[in-house]
Structures are given as C-alpha cells and as structure tokens.
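Letters A, B, ... are given to chains in the order of the sequence lines, protein chains preceding strands, and every chain is numbered from 1.
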Amino acid sequence: MDIQLGKLIDRFGGQLKGDPDTRVSGFAPLDLAQASHITFLTNPRLRKQANVSHAAALILTPSDDERITDYAGARILTDNPYAYFAYAAQFFQSLQAEPHVPGIHESACIAPSARIAASAKIGPFVTIEADVEIGGNCVIDAGSFIGKGAKVGANTCFAPRVVFHALCVIGERCEVRSGAVIGSEGFGFANDKGVWVKIPQTGRVVIGNDVQIGANTTIDRGALADTVIEDGVKLDNQIQIGHNCHVGAHSAMAGCVGVAGSAVFGKRVTIGGAAMIGGHLKIADGTHVSASSVVQSSINEPGAYTGFYPLEKHTDWERTAVVLRNLTSMRQRVRELEKTVNSLGEKEE
Amino acid sequence: MDIQLGKLIDRFGGQLKGDPDTRVSGFAPLDLAQASHITFLTNPRLRKQANVSHAAALILTPSDDERITDYAGARILTDNPYAYFAYAAQFFQSLQAEPHVPGIHESACIAPSARIAASAKIGPFVTIEADVEIGGNCVIDAGSFIGKGAKVGANTCFAPRVVFHALCVIGERCEVRSGAVIGSEGFGFANDKGVWVKIPQTGRVVIGNDVQIGANTTIDRGALADTVIEDGVKLDNQIQIGHNCHVGAHSAMAGCVGVAGSAVFGKRVTIGGAAMIGGHLKIADGTHVSASSVVQSSINEPGAYTGFYPLEKHTDWERTAVVLRNLTSMRQRVRELEKTVNSLGEKEE
Amino acid sequence: MDIQLGKLIDRFGGQLKGDPDTRVSGFAPLDLAQASHITFLTNPRLRKQANVSHAAALILTPSDDERITDYAGARILTDNPYAYFAYAAQFFQSLQAEPHVPGIHESACIAPSARIAASAKIGPFVTIEADVEIGGNCVIDAGSFIGKGAKVGANTCFAPRVVFHALCVIGERCEVRSGAVIGSEGFGFANDKGVWVKIPQTGRVVIGNDVQIGANTTIDRGALADTVIEDGVKLDNQIQIGHNCHVGAHSAMAGCVGVAGSAVFGKRVTIGGAAMIGGHLKIADGTHVSASSVVQSSINEPGAYTGFYPLEKHTDWERTAVVLRNLTSMRQRVRELEKTVNSLGEKEE
C-alpha cells in the first residue's frame with residue numbers, strides 16, 4: 001500500500017521539490033530508510049545522515065533544505081517537519097489499520113441499562129455496569145471495567161484491562177492505555193487519636209476530549225468536588241494524579257510523574273519524567289518543570305524550573321554530601337572571615 | 001435523604017449551637033455549601049469562607065467558634081472537626097449506598113475447594129483458586145484473582161482487577177484498590193559469574209485489619225520469611241513494598257513511595273509522596289519523612305526528616321549545580337583562607 | 001520431602017565437611033533454622049548468628065569456615081555461597097512444585113489462528129488474538145491478554161493479568177509478573193501551534209531469553225524501530241521503560257526505576273531503585289547507578305555513580321536549602337576574600 005507524494009502535499013501542504021508521482025509506502029529513520037520510504041529531519045545533529053539517506057523523500061525545513069546539498073531524493077519543505085511527519089504517519093497508519101468490527105463480544109458482561117452505541121466494539125471479558133453510556137465508534141478492549149453511570153465519549157478507545165470507575169466522565173477521541181485506573185478513591189484520612197479515619201471520596205474524575213492516559217497511570221476521583229483533566233492533555237505511563245487535581249488544557253506529563261491532591265495546573269504546562277508536584281499548589285500557564293524535579297510551592301511565573309541533585313562518581317558524591325550537610329556552618333565561617341579581613345584591612349590604613 | 005443535626009450529635013457527640021431539628025442532606029466545601037449542606041472548618045486560611053458560608057451547619061473547634069462571628073447557621077463544636085467530618089461523611093455515604101447483593105457471578109471461576117461465605121459478593125470474571133477462604137460480607141470485584149490457599153478476612157473489599165497471590169493473608173475491613181498486586185515474587189537474585197540466578201520467593205504477604213492499599217500498588221511476598229503489613233496501615237497508589245518489609249501499625253504512605261526489601265517501619269510512621277526508603281534499615285515509631293526524600297540509613301530518633309533538592313529557575317540551577325559539584329574544593333579554599341588570615345592576624349600583634 | 005547433603009554436592013558441587021547422609025528439607029535464615037534446615041552465610045555481620053545456628057548444614061566460604069568455630073552442623077564450602085543457595089533453593093522448590101497441567105481453560109478466548117503448544121497452560125479469562133504463537137510449557141495465567149501476532153518462547157510464564165501487545169516478541173524461560181504491560185504505545189507527540197499531535201508507535205518490544213519483568217512494570221513499543229531487552233535482564237516492579245530503549249544483556253534494575261525514550265544501556269548495567277535515566281543517552285557496560293539518582297547525560301566510563309540529596313532533620317534541611325540556593329554568591333564571596341587576603345599578604349612584605 002503506497003501513495004504518491006503529490007497526494008501527501010494535497011492533504012498536508014508543504015512545498016514539494018521533486019516528482020509528485022514518486023510513491024512512498026511508509027516512514028523509516030534517516031539511516032534505515034530505503035527507496036520506498038519517506039523520512040524527516042528535525043535534529044541538526046542528523047544532517048549528515050540526511051545527506052546520505054536513501055529515502056525516496058525527505059521532510060525538512062527551508063533552512064535545512066539549503067544545508068542538505070548531497071541528498072538526491074524528493075524533498076517536502078515545511079516549517080514544522082516533526083508535526084508534518086506526525087500527520088503523515090497517522091495517515092499511513094490509517095491506510096494499513098483494519099477497521100474495528102462493531103459489536104459486543106459474547107463473553108462481555110453488560111448491564112441491561114447500559115447504553116452502548118451500535119458502532120462501538122466491546123471486547124472479551126469486559127464488564128459494563130448499570131447506566132453506563134458508550135459513544136459511537138468506541139473500542140473497549142478485553143478485560144476492561146466501566147463502573148455504574150460512567151460516560152465514555154465517541155471515538156474513545158480503552159486498551160485491554162482499563163478500569164474506569166463509577167460516575168466518571170471521559171470525552172471524545174481519547175485513548176486510555178492498559179492498566180490505567182481512573183476514578184479510584186483518593187487518599188483521604190482524618191487522624192483521630194493516632195488512628196486513620198477514612199474520608200469518603202464522593203467526587204468524580206471528569207476528562208475532556210483528545211486526552212491520552214498512559215499504561216498503569218492512576219487518576220483518583222475527587223473527595224467532595226471533582227478531579228478535572230482538560231482537553232488535549234497527554235499523560236505518559238505510571239503517572240499518579242491525586243484527588244481534586246485540575247490539569248489545564250494541552251498540558252503534558254512524561255512517565256512516573258506524581259501529582260499530590262488539589263494541585264492546579266494552568267494550560268500548556270509540561271512536566272518532565274519522574275518530577276513530583278506537591279499538593280494544594282498552583283502552576284502557571286506554560287510552565288516547564290524538568291525531569292526528576294520536586295515542586296513544593298506554587299509557580300506563579302512561567303519559565304523552566306529544575307531541582308535535582310547532579311550526578312557524581314559515588315566517591316565524589318560521598319565527599320560532597322558531607323560538605324553539603326555542613327553548608328550553614330561554612331557560610332558562618334565565610335562571614336567571620338569577611339569580618340576579620342575587614343578589620344585587618346582597616347588596621348592597614 | 002437527610003438527617004437532623006440532633007441525630008448527628010447523638011451519634012458522634014460534639015456541642016450543638018443551633019436548632020437540633022435542622023436537617024442536612026450531606027457535606028459540601030465551605031464555598032459551595034448551600035442551605036441543605038453541612039460543612040467544616042479545619043484550615044485557618046478558610047475562616048473568611050466560613051464566615052460567609054451558606055451551609056446549614058458548620059463543624060469547627062471552640063477556638064474557631066469565637067473567631068467566626070458572621071456565620072449565621074448552626075454550629076457543631078468539637079476538638080477535631082476533620083475527624084468529625086470523616087465519621088459523619090461515612091454515615092451520609094452509608095445512607096445512600098445500596099447494600100451489595102451477596103452471591104457469586106455466574107461467569108466467575110471458583111475452585112470447588114474454595115470456602116466462600118454466603119454473604120460475600122464475587123463479581124464477573126473473578127478467578128478464585130483451590131483452598132481460598134473468603135470471609136463474610138467480602139466484595140471481590142470484577143476480574144480479580146485470588147491464588148491458592150489465600151485468606152481474605154470478613155468485610156474486606158477488593159476493587160476490580162486486584163491480584164492477590166497464593167497463600168497471602170489479609171484481615172478484616174480492608175480495602176484493596178484496582179490494579180494492586182499483592183504477593184508477587186520479590187526481586188531476589190544471586191550473581192554467578194555475571195549471570196543472575198533467581199532466588200525462589202517462598203514467603204507470604206501477611207496483612208492485618210483495617211488496611212487500605214491503593215491502585216496499582218505492589219507488595220512483594222517474602223523470600224524465606226513473610227512481608228508484614230500491620231493493622232490500620234494506609235497505602236496510597238503506585239507504592240512499591242519490597243520483599244520481607246515490615247510496616248508498623250497505623251503507618252501511612254502517600255503515592256509513589258518506594259520501599260526496598262527488608263525495611264522495618266515502626267508504628268505510626270508517615271511517609272510523604274514519592275519518598276524512597278532503602279533496604280535493610282529501621283525507621284523509628286512516629287517518624288515523618290517528607291515527600292520526595294531519600295532515606296538510605298536507619299532513623300533511630302523520631303522527628304521530621306527531609307532531603308530533596310530545592311527547585312530553582314533552570315538557569316540558576318545550572319550555576320548552583322556546578323558550584324555544588326566543587327563544594328569540597330570550596331571548603332578547602334575556606335580552610336586555607338582561615339589559615340592565612342590567622343597568620344596575618346598574628347603578625348599584626 | 002528431604003534430601004541428603006551428599007546429593008546436593010553431587011548436583012551443585014562444593015566441599016562437604018560432615019556426614020553426606022545428613023538429610024535437609026529446605027532453607028531457613030540463620031536465626032530461624034532448625035535441625036531439618038540448611039542455611040547460608042554471606043553477610044559478615046551475621047557470623048555470630050552462624051556460630052549459634054541450629055541448622056543441620058551451613059553453606060559458607062572457606063575463609064568464613066575458619067572464622068566460624070562454634071557451629072556444630074555440617075558445612076558446605078564454596079566461593080559463592082549466595083549463588084549456591086540460589087541453585088539449591090530452586091532445586092528444593094522444584095521438589096515441592098506441582099507440575100502445571102497443560103491445556104486451555106474453557107473460559108479462555110483464543111483466536112482460531114493462534115498456535116499454542118499442546119504442553120502450554122492457558123488460564124481462565126485469557127484473551128489470545130489472531131496469529132499469536134505460544135511455545136512449549138508456557139503458562140499464561142488468568143486474565144492475561146496477548147495481542148495479534150505476538151510470540152512467546154518456550155517455558156515462559158505470564159502471571160495473572162499480564163498485557164502483552166500485538167507483534168511483540170519474548171524469548172524462552174522468561175517470567176512476567178502480574179499487571180505488567182509490554183508493548184503499549186510510546187509517548188510520542190509533535191507540537192503543532194500548542195496542540196499535541198500523536199506520532200503513531202509502530203515498532204515492537206523484542207525481549208530475549210531468561211528475562212524477568214516485575215509487577216506493574218511497563219515497557220513501551222518503539223516508535224519506528226523496536227524497543228529491545230536483551231538476554232538475562234532482570235526488571236523489578238513498577239519500572240517504566242520508554243520507547244526505543246535498548247537494555248543490554250544481564251542488566252538489572254530495582255523497583256520504581258524510570259528510563260526515558262531511546263536510552264541505550266550496555267551489558268551488566270545495574271540501576272538502584274527509583275533511579276531516573278534520561279532519554280537519548282548511553283550507559284557504559286558494567287556501570288552502577290545508585291538508588292534514587294538522576295542520570296541526565298551519558299556515562300562513558302564504568303563505575304558507581306550517585307546523585308541524591310542527603311537526608312537531614314527537616315529544620316536543618318530548611319537552613320541548608322537556603323544556603324544551597326545562594327551557593328554561587330557564596331563562591332563569589334570566597335573569591336573576593338582570596339583577592340583581599342592576597343593583597344593584604346603582599347602589603348605585609
């Protein structure tokens with residue numbers, strides 16, 4: 001199954017330098033691409049690979065186009081080759097994908113009161129409880145569970161073994177990966193004379209459109225109010241979102257991020273992998289937090305923030321750690337030195 | 001479904017200021033509460049909200065009672081409003097909750113030798129292996145797995161898709177959330193000339209009463225001895241407890257905490273989110289470890305302990321990190337300065 | 001079921017000091033071992049326990065043999081007692097283990113085109129899609145899912161509720177624990193004017209022989225190329241491996257480790273628990289990264305590397321953190337002191 005470059009230009013724009021009838025069958029990396037492939041250049045360090053690539057076509061920026069002198073194949077010029085690649089790759093995938101066959105697998109356990117669109121596909125061993133609503137073209141794959149009164153928007157896909165708890169809501173065109181648990185009870189306890197007393201978690205998780213939730217990621221339902229994930233948010237694997245958090249539209253978090261309860265994210269916030277965000281704080285629109293950084297107070301000014309201990313050879317780290325623990329006394333010694341040197345200086349005069 | 005304040009006082013104590021016949025239908029936050037709601041004040045920063053709250057009743061401390069002058073509704077005075085809220089909210093939830101219908105779902109796969117109390121509820125696609133014991137009023141929800149010879153105490157609930165491995169034991173009134181894996185084999189290998197040789201993990205996980213285990217949390221079975229979780233322990237989501245750990249009664253850990261093998265916790269230890277506890281160490285009763293902190297040696301003296309790198313603007317962090325790496329040389333320079341200044345000072349005399 | 005020490009020597013070597021007809025029924029720790037048990041000494045701090053152990057037999061090094069004077073039982077001398085214990089414990093386990101009964105559970109959902117060895121065991125509620133291949137003596141336990149065209153090598157075991165996605169490949173004698181998700185789509189998005197555009201993840205996960213994958217661990221499929229886990233790799237629980245990573249043979253990672261996309265590990269790399277490895281970097285053969293350390297650039301020279309903030313009492317940490325944030329200014333003050341003291345010194349002459 002291949003396609004002419006001209007057809008890609010018709011669909012996705014860009015300026016073609018080369019024969020519009022050139023046919024390509026799919027993407028490959030610069031170094032592995034063969035005559036049937038299309039590839040792309042985004043990383044300046046790969047210009048050499050681009051120069052000698054055997055790909056039939058190369059997606060690149062106009063400025064890189066001038067730099068890449070030896071490459072002989074066709075070229076597609078665009079200001080954002082990576083996004084162009086994303087759209088075109090989705091198109092190639094759609095050509096190969098078998099359309100899902102609608103219907104409910106005979107082994108699935110579906111409550112009579114559930115409303116499931118005829119165009120939806122429900123896999124084996126799926127449990128769907130009372131009053132659930134499943135929209136058109138949804139795929140709920142093997143072993144997934146959807147609790148009472150939950151709502152799933154059209155064209156949303158649950159991978160095998162997703163748990164989506166009672167009353168939670170997810171919008172359209174979302175993807176939830178295997179092992180994700182949405183709407184589990186939040187971690188809320190009052191302490192009564194040394195014993196923990198559970199606080200019922202009666203809120204929901206409310207998720208917008210075009211949201212992606214990674215494998216084994218957990219999002220807790222709210223305590224009294226709801227936990228909210230706005231449109232276009234992308235969450236990687238093994239992320240934990242505590243109860244009553246609010247994640248602004250088009251924010252993205254890499255794997256292993258933890259977010260404590262009631263944190264409020266602005267829009268387009270990006271969080272690096274394994275960063276940890278404290279509870280009851282606010283993060284401004286467009287903020288970036290580096291991987292492995294710890295945020296324990298609100299960030300009101302957008303920008304890039306970092307806080308992790310730099311790696312050293314273990315023996316060096318041991319020495320540094322000792323000095324670090326005595327940093328306040330070192331500051332004190334510097335202050336005293338300044339005083340003494342000052343007085344010495346005065347005596348000079 | 002609502003209830004008179006007088007009835008709440010009869011059940012949960014506290015001093016009522018207002019009409020005992022006032023009816024409330026449930027809880028709401030201070031700012032959202034309406035005339036049918038009851039609410040509570042625990043955070044001093046919310047006193048203003050309390051003053052203008054529309055709630056029918058407000059739970060607060062005697063000292064806050066004096067400070068809250070404008071609020072017009074009924075008041076319940078108690079020394080621990082948060083615990084009072086927890087107990088009362090549980091009561092409201094019990095009024096609304098439909099009692100579970102006992103019985104074994106027709107799709108469940110139950111070994112003939114399993115002993116399941118008649119009052120227990122077993123959901124769809126549950127697997128229960130030979131010689132398992134399930135106590136009265138248990139709920140084992142959809143897709144859960146319980147291995148050979150495991151024991152589940154009365155009134156314990158497994159959410160959908162819990163895995164509880166062979167021979168493990170859990171007490172009464174526990175809650176295990178979706179995706180939790182209890183009793184998986186621990187990570188034990190001997191290295192034989194560069195190749196890892198597996199050490200069989202033949203211990204169990206033994207869990208007490210009133211324990212809560214969060215979504216996608218994992219607790220490994222012991223190697224030779226058992227992994228033990230005592231009564232009243234509360235574990236949030238995505239926590240990893242290594243083999244042979246012992247967690248003391250009424251300890252609590254927030255999300256994403258990792259505990260390496262053979263760590264021994266005292267009672268009432270609290271661990272902040274994403275903190276990491278090393279293996280083979282002891283933590284004293286009542287110790288608190290802050291979120292994102294790393295514990296690599298035993299804590300013998302109770303108290304609050306912290307160790308994470310403070311967040312900075314990324315450009316500042318880059319500069320700080322360079323100096324940090326050279327901290328030992330800086331200390332050396334300070335020492336030399338002190339020597340020189342000392343000798344200079346002596347020459348003065 | 002017990003065995004004579006002489007038989008163990010025949011199987012696993014080592015030098016026996018004592019009666020070869022002494023019978024032992026299994027392993028126990030030094031302090032708990034009774035007359036029917038065999039035990040081992042690897043930790044020098046436990047020599048006292050070894051001296052007074054009631055075990056029938058003790059595995060130890062020749063050098064420890066000289067130090068342990070009081071212990072009266074039989075002894076097995078070997079250079080690697082821990083590995084000896086591992087092999088012997090596996091043997092004891094094999095004596096007790098019931099052989100699995102081959103066959104496909106009646107509730108399992110198996111595509112007609114799947115090729116499943118007659119000696120394999122497929123548990124309840126397992127889903128196996130089209131064109132899957134399952135090798136001899138495999139165990140695929142309850143509720144697991146294997147996607148289209150995936151291949152599972154002989155003698156490999158999936159615990160209950162494993163997800164193994166389409167086209168992925170795993171070798172022989174592997175163990176995958178409950179809740180693991182292998183081959184989920186990687187986290188790849190292009191940003192187009194503030195909106196995230198998904199990049200199809202069309203690579204696979206390819207896993208070698210003798211690999212262990214822990215509970216709730218996730219390994220993403222590659223974007224264009226494959227994610228590769230070589231022979232003998234051991235991964236603990238709750239580890240996240242990003243798309244296109246390559247993990248070298250006999251590497252081992254403890255729980256909660258995160259590895260970002262396209263990281264390349266050499267052979268025999270060991271990573272401590274909760275360490276975080278950045279994307280697109282290389283780690284040299286035999287490198288060790290300490291627990292909770294953050295690696296954000298390539299490690300070309302083998303050795304032990306560490307980077308986590310040392311724990312302090314919270315009040316001390318607060319003070320240290322303030323000084324740490326001002327470390328660059330402190331360095332500046334030290335430099336100025338050196339200048340001043342220098343000039344003072346010159347004036348002296």
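The only member of C/Y309, C/F308, C/Y305 that meets ring pair (Phe, Tyr, Trp, His ring centres under 6.0 Å) when paired with A/W317 is C/F308.
Not a single donor-acceptor pair under 3.5 Å links the side chain of A/R325 to the backbone N or O of C/P310. Counting only distance, with no hydrogens or angles, the side chain of C/W196 and the backbone of A/H250 share a donor-acceptor pair below 3.5 Å. One N or O on the side chain of A/N216 and one on the backbone of C/N216 form a donor-acceptor pair closer than 3.5 Å.
For A/A142 against C/F145, the heavy-atom pair with the smallest separation is CB-CD1, 3.8 Å. Minimum interatomic distance between C/Q240 and A/N237 (heavy atoms only, all atoms of both residues): OE1-ND2, 3.0 Å. Closest approach of C/L224 to A/A28, counting heavy atoms only: CD1-C, 3.9 Å. Of all the heavy atoms in C/M276 and A/A274, the pair that sits closest is SD-CB, 3.3 Å. The shortest heavy-atom contact between A/Y82 and C/A190 is CD2-CB, 3.4 Å.
In terms of heavy-atom pairs under 4.5 Å with chain C, the best-connected choice from A/Y84, A/F27, A/F125 is A/F125. If you tally non-hydrogen atom pairs under 4.5 Å between each of C/G242, C/A180, C/P200 and chain A, the highest count goes to C/P200. If you tally non-hydrogen atom pairs under 4.5 Å between each of C/A304, C/S292, C/G303, C/S290 and chain A, the highest count goes to C/A304. By number of non-hydrogen pairs under 4.5 angstrom with chain C, the leading residue of A/L235, A/D79, A/V233 is A/L235. Top candidate by heavy-atom pairs under 4.5 Å with chain A, chosen from C/V181, C/T320, C/T340, C/V294, is C/V294. Interface summary for chain C: among A/E106, A/Q90, A/E318, the most heavy-atom pairs under 4.5 angstrom belong to A/Q90. Considering only heavy-atom pairs separated by less than 4.5 Å from chain A, the leading option among C/T202, C/N191, C/D220, C/V334 is C/D220. Annotation: maximal heavy-atom pairing with chain A below 4.5 Å, among C/E129, C/K193, C/H165, C/Q238, occurs at C/Q238. Across A/L324, A/D231, A/N80, the residue that shares the most heavy-atom pairs under 4.5 angstrom with chain C is A/L324. Taking chain A as the reference chain and counting heavy-atom pairs below 4.5 Å, the highest number among C/S293, C/A260, C/G143, C/G194 is found for C/G194.
For a residue to count as touching a neighbouring chain, one of its non-hydrogen atoms must lie under 4.5 Å from one of that chain's; by this rule A/E175 touches chain C with the side chain only. Contact of C/S297 with chain A is not made at all, since no heavy-atom distance falls under 4.5 Å. Only the backbone of A/S251 comes within less than 4.5 Å of a heavy atom in chain C; its side chain stays farther off.
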